[in-house]
Protein chains: 2
Amino acid sequence: MRARIEDVAEKAGVSMKTVSRVFNHEPNVREKTRLRVERAAQALNYRPNPSARSLAGNRSYLVSLVYDDPFAGSAYIMEIIVGMLQACESMRYSAMLRPLEFSSADHVASVENSIAQYRPDGLILVPPFADDAKLLHRLDELGARYATISAKSKDARVGTSLDERKAAGEVVDHLAALGHRRIAHVAGPAPHGGRVWRLSGYRDGLRRAGIAYDDSLVVDGGFSFEAGIAGAKQLLDLDDPPTAIFAANDDSACGVMHEAFERGLRIPQDLSVVGFDDTPTSRQVWPSLTTVRQPCREMGRIAAEQLLASIRDAGAGSLVRVPYELMVRQSTGPAPARTKRR
Amino acid sequence: MRARIEDVAEKAGVSMKTVSRVFNHEPNVREKTRLRVERAAQALNYRPNPSARSLAGNRSYLVSLVYDDPFAGSAYIMEIIVGMLQACESMRYSAMLRPLEFSSADHVASVENSIAQYRPDGLILVPPFADDAKLLHRLDELGARYATISAKSKDARVGTSLDERKAAGEVVDHLAALGHRRIAHVAGPAPHGGRVWRLSGYRDGLRRAGIAYDDSLVVDGGFSFEAGIAGAKQLLDLDDPPTAIFAANDDSACGVMHEAFERGLRIPQDLSVVGFDDTPTSRQVWPSLTTVRQPCREMGRIAAEQLLASIRDAGAGSLVRVPYELMVRQSTGPAPARTKRR
DNA sequence: CTGCGAATTGGCAGCGCTGTCAATTGCGAA
DNA sequence: TTCGCAATTGACAGCGCTGCCAATTCGCAG
């Protein structure tokens, strides 16, 4: 049978408690004792039983990632998971995935429910959960630890943030510098903070370029490929269509490109397209997509690290601002000579 | 404080053990008693403590998914995770992600290690782990339960399989029917069963079409975008280049398309391209990619279901063959008139 | 040497649940 | 009504670990 802490204690000639101290890196263990214990543990191939540890210590050593179920499978989430896993691994924590329905009647209840059932020591929230003030407030009330990954920082104390507004502004700067004047935006879905910030940045950019905001050049979209197609249809049907389209994320940007190609437009000669996120797909499409890189993997890792710090001692852990980067690739080019098309 | 089983027992006027029976759906509980317990539990908002349950029951209620670390983040894995999560959810199991290095010195040891540490009740293996006879043998030796997701079925008893060889054959049939005679293959990476099966299917297809196998039209690739580019370069540099390229998966197919476009080739007019997997990206590129759909999400779900069945009682659980589907999209078309290009 | 505070180590109850087995109850046949 | 067997329920000892606190040892000043 598998070795227990008692066996290790006996073999090392110490008490169980001392073995426990060694395995938990607690102070006040003599170096010599520690070595003896470690050797004994090694010899017996001892591994602490996680369930027993959790039960006795009243902690789960579990962190759950809460995200919107329909986005399960998105590259964004996947990268965050990878980063989170790295951090958990090194701290001997486990990660648990909690795809929940944000749109469901009461997402606050579903998060509470998830906590009650699995008892994670902490949560990592991504948009739209991370942007939901009511949820964060309730979690504070419950005394739950959590970290957020989001552009918004107002309500957050621990996690990562990225200045999406500034990034979106730079996208428009880039397009304006290429001579574009009719720059459209396929906005994100309503409940997402991402929508608001990216849209604000878009307007900032227009302002800086001295371009008047034109309501007809902003269409409601979503974060999906299909939403990009729909948005592009609407924009390219305009009497005076845009020469550049900034989509709220890479998936929808791919949709825009797809629709443009269907209409025989060339990218970037006839139409420039920009995305947001820098997903692997954005590199794989042709022409490769100009986009804003969010370091999702690092964001996942940092959020988890900060969360674990705040679990270790309350008050620790902070909101880490991570850098974005405008990745200029092949889908943007100089604005075409101004002629009414269509 | 949180309600314990004892509180529920007291409130319902039964013993702890009876409450336990109700929560574990054990037989021999009178309907009336069950209702009384359920009502009491509801009133107290009782949730069994997973750690205590695991400790006392000597089970972890945990399933771990073992996959190759470099493929973390691939759409294939992501979809499998989603499916696996669905199955676990409904059986009140937790899923744990174990990205391990397949190429590391001893992947068998790293899997053993992972088992010792986390004590999952079962494992789900995907290629290349699923195809590694030595690993499976060792797991059998250890009495570990596992399910495999793979094309290969020889060593597997529980999990899902898909006839990749037949599917790859159909790809070639499709291309041959379009008049292609010079059909190339960018093969998968060596340790993957996928490589072997897809390559065999490719040869089957050629045979059926009466096309002689030409060594120069098969290049070693990999499952990455970059591998696709490299493979395409090699093939398109040939004196008599292929008119169709069948890549081992969608990512590498995207690489092939990318390189083709860089050379000014039109798809599918000048070159037909086919992938394998039907990842979301394959729909998002332009032209959309003809590929073989693997129902990854269902595969993940089914594998988990079969695994859980075999955990419940040894002997249960089987190898479920899942269907593939050739998705003919826009990246394949009639072979161009035969002229030496370059 | 001796005494004393600090450093180190040990003892043990108990975390919340399930497995085992014993006790009790229910129910149809005699 | 009574008996016997099956169905139902209960009692209780752990599962393997950590928290709490007591015991022991150490190092060094007096």
Side-chain angles (χ1 to χ4, degrees), chain A residues 1-38 40-41 44-62 92-94 116-119 121 311-313, chain B residues 1-38 40-41 44-62 92-94 116-119 121 311-313:
Chain A
M1 193 43 203
R2 202 156 262 162
R4 296 157 306 152
I5 196 171
E6 202 179 341
D7 305 324
V8 178
E10 193 184 351
K11 177 143 189 147
V14 297
S15 72
M16 274 166 34
K17 182 65 227 193
T18 298
V19 178
S20 167
R21 284 194 183 92
V22 171
F23 270 82
N24 292 291
H25 303 102
E26 287 177 28
N28 297 334
V29 176
R30 203 168 306 172
E31 182 64 13
K32 223 176 61 184
T33 314
R34 200 169 58 69
L35 277 174
R36 200 138 42 88
V37 169
E38 277 168 359
L44 296 170
N45 191 28
Y46 168 72
R47 303 308 179 82
N49 180 316
S51 308
R53 203 159 92 111
S54 299
L55 180 58
N58 195 32
R59 290 187 287 165
S60 60
Y61 298 94
L62 238 182
R92 314 197 58 225
Y93 261 71
S94 294
Q117 182 159 354
Y118 297 103
R119 298 166 203 227
D121 291 340
I311 288 170
R312 202 175 318 106
D313 59 308
Chain B
M1 193 45 200
R2 204 155 262 163
R4 296 157 306 153
I5 198 171
E6 203 179 343
D7 304 324
V8 178
E10 193 184 351
K11 176 142 190 147
V14 297
S15 71
M16 276 165 32
K17 183 66 224 192
T18 299
V19 177
S20 166
R21 284 193 183 94
V22 171
F23 269 81
N24 292 290
H25 302 104
E26 287 176 28
N28 298 334
V29 176
R30 204 166 305 170
E31 182 64 13
K32 224 175 60 183
T33 314
R34 200 169 57 68
L35 277 175
R36 200 138 41 88
V37 169
E38 277 169 359
L44 296 171
N45 192 26
Y46 167 72
R47 302 310 178 81
N49 180 315
S51 308
R53 201 158 91 110
S54 298
L55 180 57
N58 194 32
R59 290 186 288 164
S60 59
Y61 298 95
L62 238 182
R92 314 196 58 225
Y93 261 70
S94 295
Q117 182 159 355
Y118 297 103
R119 299 167 201 227
D121 291 339
I311 289 170
R312 201 175 320 108
D313 58 309

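Owing to the predicted nature of the structure, the values given are computational and were not obtained by experimental measurement. In the text below, chain A, chain B and the rest are named by the order of the sequence lines, each starting its count at 1.
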Taking only distance into account, with no hydrogens and no angle test, what donor-acceptor pairs under 3.5 Å do side-chain atoms of residues 6-17 of chain A form with protein atoms, sequence neighbours excluded?
{"from": "A:Asp7", "atom 1": "OD1", "to": "A:Arg4", "atom 2": "NH2", "distance (Å)": "3.1"}
{"from": "A:Asp7", "atom 1": "OD2", "to": "A:Arg4", "atom 2": "N", "distance (Å)": "2.8"}
{"from": "A:Ser15", "atom 1": "OG", "to": "A:Lys17", "atom 2": "N", "distance (Å)": "3.4"}
{"from": "A:Ser15", "atom 1": "OG", "to": "A:Thr18", "atom 2": "N", "distance (Å)": "3.3"}
{"from": "A:Ser15", "atom 1": "OG", "to": "A:Thr18", "atom 2": "OG1", "distance (Å)": "3.3"}

As a quick check of understanding, evaluate side chain to side chain contact (heavy atoms under 4.5 Å, CB included) for B:Arg2 and B:Arg47, giving each step before the final call. CA-CA 8 Å; B:Arg2 204 155 262 163; B:Arg47 302 310 178 81; 6.0 Å; no

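- For the helix from C:dC1-D:dG30 to C:dA30-D:dT1, the terminal axes (five pairs an end, C1' atoms, rotation from four pairs onto the next four) enclose an angle of 40°, given to 10 degrees.
- Atom P of nucleotide C:dA7 and atom CD of A:Glu31 are separated by 17 Å, given to the nearest angstrom.
- Rounded to an integer number of Å, the gap from B:Leu55 CG to C:dG16 P is 12 Å.
- B:Phe23 comes within 4.0 angstrom of nothing in the nucleic acid, heavy atoms only.
- Across all strands, A:Ser51 comes closer than 4.0 Å to no nucleic acid atom at all (heavy-atom distances).
- Going from atom NZ of B:Lys32 over to atom P of D:dT8 covers 13 Å, rounded to whole Å.
- Of the candidate nucleotides C:dT8, D:dG16, D:dT9, C:dT8 has the atom nearest to the side chain of A:Arg30.
- In this structure, A:Leu44 places its CG atom 15 Å from C1' of D:dG16, rounding to the nearest Å.
- Rounded to the nearest 0.5 angstrom, A:Ser51 OG and B:Arg119 CZ are separated by 8.0 Å.
- Side-chain contact between B:Arg21 and B:Asn28 is absent, with no heavy atoms from C-beta onward closer than 4.5 Å.
- For C:dT18, the OP1/OP2 oxygens have a side-chain nitrogen or oxygen of B:Asn24 closer than 4.0 Å.
- Atom CG of A:Asn58 is separated from atom C1' of C:dA13 by 16 Å (rounded to the nearest Å).
- Taken from OG1 in A:Thr33 to CD in A:Glu31, the straight-line distance is 9.0 Å, to the nearest 0.5 Å.
- Here A:Ser54 lies out of heavy-atom contact (under 4.0 Å) with every strand.
- For the pair B:Asn49 CG and C:dT18 P, the computed distance is 10 Å after rounding to whole Å.
- Atom OH of A:Tyr118 sits about 14.0 Å away from atom OG of A:Ser94, to the nearest 0.5 Å.
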Test A:Ile311 against A:Tyr93 for side chain to side chain contact (heavy atoms under 4.5 Å, CB included), laying out the working first. CA-CA 11 Å; A:Ile311 288 170; A:Tyr93 261 71; 3.7 Å; yes

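- Looking only at side-chain heavy atoms (C-beta outward), A:Glu38 and A:Val22 come within less than 4.5 Å of each other.
- The phosphate of D:dC17 has OP1 or OP2 within less than 4.0 Å of a side-chain N or O from A:Tyr46.
- Rounded to whole angstrom, the span from the CD1 atom of A:Ile5 across to the C1' atom of D:dC15 amounts to 14 Å.
- Both B:Arg36 and B:Ala52 lie close to DNA chain D; mapped to their nearest nucleotides by heavy-atom distance, the more 5′-ward contact belongs to B:Arg36.
- For the OP1/OP2 pair of D:dT8 and a distance below 4.0 Å, the side-chain nitrogens and oxygens of B:Thr33 include no atom meeting the criterion.
- In this structure, the nucleotide among D:dT9, C:dC15, C:dT18 sitting nearest to the side chain of B:Val29 is D:dT9.
- Across all strands, A:Asn28 comes closer than 4.0 Å to base atoms (heavy-atom distances).
- Contact annotation for B:Pro27: no contact, since no heavy-atom pair falls under 4.0 Å across all strands.
- Counting only distance, with no hydrogens or angles, the side chain of B:Ser60 and the backbone of B:Asp121 share a donor-acceptor pair below 3.5 Å.
- Across the protein-nucleic acid pair, B:Arg34 atom CZ and D:dT8 atom P stand 12 Å apart, rounded to whole Å.
- Contact record, A:Arg53 with A:Pro48: CD-CB, 4.4 Å, taken as the closest heavy-atom pair.
- Remark: B:Met16, B:Lys17, B:Ser20 in residues 14-21 of chain B come within less than 4.0 Å of DNA chain C through at least one heavy atom.
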